[in-house]
Amino acid sequence: MDYLEELNSPQREGVENLDGPTMIIAGAGSGKTRVLTYRIAHLIRMKNVDPFSILALTFTNKAAKEMRARIEKVAGTDARSLWMGTFHSVFARILRSEADKLGYPSNFTIYDTDDSKSLIRSIVKEMGLDDKVYKHNVVYNRISGAKNNLISWQNYLNNPLYISEDEQAQKPKMGAIYKEYVQRCFRSGAMDFDDLLFNTNVLFRDHLDVLNKYQQRFRYVMIDEFQDTNISQYLITKRLSSVHQNICVVGDDAQSIYAFRGANIQNILNFEKDYPDLRVIKLEQNYRSTQNIVNAANSVILKNSAQLQKNVWTDNDSGELVHLIKSTSDNEEGRLVASSIFEDRNNKKLQNKDFAILYRTNSQSRSMEEALRKMNIPYRIFGGLSFYQRKEIKDLLGYLRFTINQNDEQSFRRIINLPKRGIGASSVDKIVIAAFENDKSIWEVLQNIRNFLPGRTANAVENFVNQIKTFKIKIERADAYETASFIAKQSGLLRELYDDKTIEGLNRYENVQELLNAIKEFVDTPGQEDKSLEAFIADVALLTDADKDDPNDTDYVNMMTIHSAKGLEFRHVYVVGMEEDLFPSQMMLNSRADLEEERRLFYVAITRAMEKITLSYALTRYRFGRLKSCEPSRFIEEISPEFIKVDRKFNNPEPMGSLNSGVSGSNYARNLVAQRKVESNKVPPGKKLHTPSADFAPSDTRKLDTGMRVEHPKFGFGEVKKMDIEGANRKATIEFENFGEKTLLLTFAKLRIMD
DNA sequence: CCCCGAAGGTTTTTT
DNA sequence: ACCTTCGGGG
């Protein structure tokens, strides 16, 4: 085959040995994805394997999408019927078709992390526990950890280890919360992310006929990024492949960075035990990076204690040494990185998309954004707050989800009083408790609401119920797009957003339109047979921003966390915020294992670079709005001296002059967007300034200034006399024509600027 | 029930 | 710096 010519011998071994258990240990940049795609293409073209019986599992949607495209290039469109996707999406699909066996409806709702956490909060509150002790994050992680280790709530309550750990942590009720949480999800007809894997295990354990069906079907199973799978995921694939034994896993222990989600390097070691006649292939030649980059990365990972024997090397040029940029502040760091990109781009004739800025936490993008904007360098941020996490999107999705599944408690809580219908929190709690005490579903209680609530609120609820009923009828008769637009209009959500002439309101309105467009696109997709709303909603919780539009033809500097950079490569990479406590993260430094995971993360960051890697750190950085001094990361010193260009004597932080924090980056961006909208007359005169949510309060006070005339819904017209900042709260003192001088908190004040 | 002033909490990474 | 929650008053 033509494509085999391009491969080196271990790569070729990986492509050609198709039967039996195989483990490919693939060093960074060693052509792992290429081997995996050619392997699949080879199965289809050489062995005539029906793509329908191949299952390829990846860790992220991005990886799945990319690999599918590459396979289609090699193997043609036959590859379309291939089962390829993330663990979560593939098994969600299987669970939907087998849901009845587990007592779930096939249109079960998928709870995302926010849904899960808010359910946990209501449970903790209802149980009368202290939410300072049972913090929703901690509880969520505990439950998630148990599920990923396949510990059911019944097991949990009988497990001496978990019990004693909880006693030790002064959280004895943890098991009880777990139990209630699982039961509530079940009653809601909902699964969280971990349930998708946990329940697949239950399904395959308790229903051997079902297991057998899929075992027969998937003759070849492949797993990418194997080092990031957890026990729950591993056991599913082990069960699936136990008949044909054609399982191939590809991974790199040095790049395992998801232990916090239950990923376990131990899986790689267990794999050898579970499959004694395992074929192990090592890909050690790096095609991606220069010698200096490979060597620098190797010298870092050497500091870790546990790793598989492996020697990553390269034939490439030695290239430039690792660069180091030192700045006095995070803002200066931004400027230096931006001007470095600007220079390299011009001198080396590179494009913006050849550059990537990587950071440990999403919040670090701020100072970079600002600097790039000032230098007119286009950029694109991956990750961060996902489109689907936005309030207005979740609100509409809440309506859509509830129309499909009226038992979904979280959607119910979200939309019951939205727009306001006079049904407050206490009424909502009464409804949920009534459902629980009478062993009825929420929907049943809603339909007989007069038995539970007094007249006025009951009227409001009845109107709500009738509305949902009309939505349900619409769903039967119309496609996803028609139904969703109908619901968006009839529910009043669209109206409310339309009436909000704030810049933010305008954006929210556009976002909802964008969601409707996405649904339209879904309906119009050729080959999309099921055009129902149900089909669209099914996987929405599993989508992330990476799946949304991906303008390949545009030229942007890439910005993302190191985690989301996994699997990608760029000619020039900047790793910013190389400071102790930030990277390695302070929260991770509790045990040695955690430090080693941070170090692997650093390894991943370095090995993304093809030609040049630059590390950058600042001596001061804003945190919680306060200027803090920082020390260079210990990781910088861990790079062997011969590979890095640096004065090893780090200076102590210099005394700072007065630093102007300026406008925060995202607000700066929003201001620019806002400005553009004003210029193009998209904002009507007399625009409303402040939103009732705290979304946009502080930086907007810049635009409201002394001397401006404003209108307040209650106090009428007035003139701004004074702007003030008191603690975290922004205030304006306004002289009203009819009410005299008032000082207003801007977080909530709905003011319009009069032109 | 809703509005809004005040104070307290947040900082990890992703499906 | 930004966001959420609490609680008093209408």
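Below, read A as the first sequence line, B as the second, and so on, with proteins coming before strands; counting in each chain starts at 1. Hydrogens, waters and symmetry mates are skipped; everything else that's a heavy atom, side chains included, is used. Worth saying up front: this structure is predicted, and the values here are computed from it rather than measured.
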Please determine, for the side chain of A/Arg623, which listed nucleotide (B/dT15, B/dT11, B/dC3) has the closest atom?
B/dT11
For A/Asn137 and A/Thr86, take the nucleotide of DNA chain B holding the closest heavy atom to each; which residue's nucleotide lies nearer the 5' end?
A/Asn137
Please give me the minimum heavy-atom distance between A/Ile449 and A/Ala458, naming the atom from each residue.
CG2-O, 3.7 Å
Is the phosphate of B/dT12, meaning OP1 or OP2, less than 4.0 Å from a side-chain N or O of A/Ser363?
no
Looking for any heavy atom pair under 4.0 Å, which part of the strands does A/Ala541 touch: base, sugar-phosphate only, or nothing?
nothing
Among B/dT10, B/dT14, B/dT11, the one nearest any side-chain atom of A/Lys135 is B/dT10
For a quick test of reading the model: is some side-chain N or O of A/Thr113 closer than 4.0 Å to OP1 or OP2 of B/dT15?
no
How many Å lie between CD on A/Glu225 and C1' on B/dT14, as a whole number?
13 Å
With no hydrogens and no angle check, just 3.5 Å: does a side-chain donor-acceptor pair link A/Ser116 and A/Thr113?
no
To the nearest angstrom, the CZ-C1' distance between A/Arg456 and B/dC2 comes to 12 Å
Nearest listed nucleotide, side chain of A/His563, among B/dC3, B/dT15, B/dT13:
B/dT13
Are the ring of A/Tyr258 and the base ring of B/dT14 both nearer than 5.5 Å at their centres and tilted by less than 30°?
no
Proximal nucleotide (of B/dC1, B/dT14, B/dT15) relative to the A/Phe193 side chain:
B/dT15
Pi-cation contact, A/Tyr603 with A/Arg599 (under 6.0 Å, within 45°)
no
Rounded to the nearest Å, what distance is computed from the CG atom of residue A/Asn362 to the C1' atom of nucleotide C/dC3?
17 Å
Can you confirm if the NZ or CZ of A/Arg96 lies within 45° of the ring axis of A/Phe108 and under 6.0 Å from the centre of its six-membered ring?
yes
Rounded interatomic separation in angstrom, taking OH from A/Tyr140 and P from B/dT12:
15 Å
Looking across every strand, which nucleic acid part, if any, lies under 4.0 Å from A/Lys132 by heavy atom: base, sugar-phosphate, or nothing?
sugar-phosphate
Would you mind reading off the distance between A/Glu598 atom CD and B/dT13 atom P, rounded to a whole angstrom?
11 Å
Taking atom types as they are modelled, would you say the side chain of A/Thr60 forms a donor-acceptor pair with the base of B/dT14 within the 3.5 Å cutoff?
no
On the six-membered ring of A/Tyr140, is A/Lys135 placed so that its NZ or CZ lies under 6.0 angstrom from the centre and within 45° of the ring axis?
no
Among the candidates B/dC3, B/dT14, B/dT12, find the nucleotide nearest to the side-chain atoms of A/Lys420.
B/dC3
Round to the nearest Å and state the distance from A/Lys391 atom NZ to C/dC2 atom P.
20 Å
Spacing between A/Tyr622 atom OH and C/dC2 atom P, to the nearest angstrom:
12 Å
Whole angstrom is fine here: how far is it from CD in A/Glu597 over to P in B/dT14?
13 Å
Upstream residue (5' side of DNA chain B) when A/Leu601 and A/Gly422 are each assigned their closest nucleotide:
A/Gly422
Would you mind telling me which of B/dG9, B/dT13, B/dT15 lies closest to the side-chain atoms of A/His88?
B/dT15
OP1 or OP2 of B/dT13 sitting under 4.0 Å from any side-chain N/O of A/Ser585?
no
Check every strand shown and say whether A/Ser89 touches a base, only sugar-phosphate, or nothing at a heavy-atom separation below 4.0 Å.
nothing
Touch check for A/Phe59, heavy atoms < 4.0 angstrom, all strands: base, sugar-phosphate only, or nothing?
sugar-phosphate
Does NZ or CZ of A/Lys147 come closer than 6.0 Å to the centre of the six-membered ring of A/Phe198, within 45° of the ring's axis?
no
Phosphate OP1/OP2 of B/dC1: any A/Thr457 side-chain N/O under 4.0 Å
no
Indicate the ring-plane relationship of A/Phe635 and A/Phe602, choosing parallel, tilted or perpendicular according to the 30° and 60° boundaries.
parallel
Determine: side-chain N/O of A/Asn417 to OP1/OP2 of B/dC2, distance under 4.0 Å, yes or no.
yes
